[in-house]
**Student:** 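I am attaching a structure below and will ask some questions about it afterwards.
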Amino acid sequence: MNIACMQMDIAFGAPEKNKQTVVRYMEQIAKEADVVVLPELWTTGYDLTRLTHIADENGEQTKAFLSELARTYRVHIVGGSVAKKVADNITNTMYIVHRNGDVVCEYSKLHLFKLMDEHKHLQAGETTGIFSLDGVTGAGVICYDIRFPEWIRAHTLNGAEVLFVVAEWPLSRLHHWRTLLMARAIENQCYVVACNRAGKDPNNTFAGHSMIIDPWGNILAEGSEQETVIKATIDISEVQRVRARIPIFADRRPDVYKIFEKKD
């Protein structure tokens, strides 16, 4: 499976301009990719105070846009995430789109990041990010989610072989970004495909350094801090080879872990 991560610089609060950037990159990379991955909040960036005006109503414009791209370029799309407006609520929502244009999964960010005021403007999701493309089971998560290993493990326990991470991770915590991604790959014996944004907004400088990591924790591709595309080919059978070599899933002791659960 050939993967491409679109590490774009996101225009602050300008959905139409950002769509043009996505089309421009798609024209360059789609022929060489089976899956194209976009970053978090790629339509608006962290223009949180204006989301009530610029968020996508029910995600309809985003779904139509990504579906058309998928059909046109015959490529699966892990659609980063966008601000989705439903009634009086706004979620940070990822769409996974099959190359035939069907939306096969919708996941809203479970863990909101208070340091960037997400809790003031967004509602947390309550569903999983599990999906299947070409017989490969993937899981989508968003940025801060990777600091919660129990959430990632829940997905790999339910079959995920590739973890897709979309983010707007700041440069000030680049070391955390790289370390957490490698740890999630090693401890879950899965591929990690992480697409971060590049550039700046009025309040933050972002890290870039999108990464594709194999189940041993080896980095197959990594971006710089600048706008770029990273690519790698992943061999999904490597997941089972690694899991057979060090059988951590078989050696888990959930019967004992229960002693930490709160009693009624």
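Heads up: numbering here begins at 1 and tracks the sequence.
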**Student:** Decide yes or no for I10 and E168: does some side-chain heavy atom of the first lie under 4.5 Å from some side-chain heavy atom of the second?
**Tutor:**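 Contact flag for I10/E168 side chains = yes.
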**Student:** Which residues pass the side-chain hydrogen bond (donor to acceptor under 3.5 Å, both in side chains) test with Y191, not counting sequence neighbours?
**Tutor:** none
**Student:** Going by side-chain heavy atoms closer than 4.5 Å, which hydrophobic residues are tied to I130, directly or by a chain of links?
**Tutor:** none
**Student:** Verify the distance criterion only: is there a donor paired with an acceptor across the side chains of N196 and S210 at less than 3.5 Å?
**Tutor:**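 No donor-acceptor contact under 3.5 Å links the two side chains.
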**Student:** Do Y25 and E227 have side-chain atoms, one donor and one acceptor, less than 3.5 Å apart?
**Tutor:** yes
**Student:** Please name all residues satisfying side-chain hydrogen bond (donor to acceptor under 3.5 Å, both in side chains) with R178, sequence neighbours left out, ordered by chain then number.
**Tutor:**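 Per chain and number, R178 pairs via side-chain hydrogen bond (donor to acceptor under 3.5 Å, both in side chains) with E222.
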**Student:** Quick one: do E187 and R184 make a salt bridge, cutoff under 4.0 Å?
**Tutor:**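 Yes, E187 and R184 are salt-bridged.
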**Student:** Look at R147 together with D145 and state whether they make a salt bridge at an N to O cut-off of under 4.0 Å.
**Tutor:**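 So R147 does not pair with D145 through a salt bridge.
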**Student:** Which Ile, Leu, Val, Met, Phe, Trp or Tyr residues join F249 in one cluster when any pair of side-chain heavy atoms under 4.5 Å counts as a link?
**Tutor:**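 Its cluster partners, ordered by chain and number, are L157, W216, V242, I246, I248.
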**Student:** Strictly by salt bridge (charged side-chain N to carboxylate O under 4.0 Å, His left out), give each pair with a member in residues 72-96 just once, sequence neighbours left out.
**Tutor:** K84-E106
**Student:** In chain order, what residues pass the side-chain hydrogen bond (donor to acceptor under 3.5 Å, both in side chains) check against N100, with sequence neighbours excluded?
**Tutor:**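 Residues passing side-chain hydrogen bond (donor to acceptor under 3.5 Å, both in side chains) with N100: H98, D102.
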**Student:** With rounding to the nearest 0.5 angstrom, report the CD to CG distance, E161 to N188.
**Tutor:** 12.5 Å
**Student:** What residue pairs, at least two apart or across chains, pass salt bridge (charged side-chain N to carboxylate O under 4.0 Å, His left out) with a residue in residues 1-13?
**Tutor:** D9-R197
**Student:** Sequence neighbours left out, what passes side-chain hydrogen bond (donor to acceptor under 3.5 Å, both in side chains) with K109? Give chain and number order.
**Tutor:** E40, E118
**Student:** Could you tell me whether E238 and R241 have a side-chain N and a carboxylate O separated by less than 4.0 Å?
**Tutor:**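 Counted as a salt bridge, because a side-chain N and a carboxylate O are separated by less than 4.0 Å.
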**Student:** Among residues two or more places apart or on two chains, list those pairs meeting salt bridge (charged side-chain N to carboxylate O under 4.0 Å, His left out) that have a residue in residues 42-52.
**Tutor:**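 Of all non-adjacent pairs touching residues 42-52, those that pass salt bridge (charged side-chain N to carboxylate O under 4.0 Å, His left out) are D47-R50.
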**Student:** Identify the two heavy atoms, one from V229 and one from A4, that lie closest to each other, and give their separation to 0.1 Å.
**Tutor:** CG1-CB, 4.2 Å
**Student:** I need the Q189 CD to D214 CG distance, nearest 0.5 Å.
**Tutor:** 11.5 Å
**Student:** What pairs of donor and acceptor atoms, side-chain ones from residues 27-37 against any protein atom, are under 3.5 angstrom apart with sequence neighbours left out?
**Tutor:**
| from | atom 1 | to | atom 2 | distance (Å) |
| --- | --- | --- | --- | --- |
| E32 | OE1 | K231 | NZ | 2.5 |
| D34 | OD2 | N2 | N | 2.6 |

**Student:** Please work out which of the three classes, parallel, tilted or perpendicular, describes the rings of F131 and F164, given edges at 30° and 60°.
**Tutor:** tilted
**Student:** Of all residues at least two apart in sequence or in a different chain, which pass the side chain to side chain contact (heavy atoms under 4.5 Å, CB included) check with K19?
**Tutor:**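 K19 satisfies side chain to side chain contact (heavy atoms under 4.5 Å, CB included) with E16, W42, Q61, F65 once adjacent residues are dropped.
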**Student:** According to ring pair (Phe, Tyr, Trp, His ring centres under 6.0 Å), who are the partners of F148, at least two apart in sequence or on a separate chain?
**Tutor:** H111, Y144
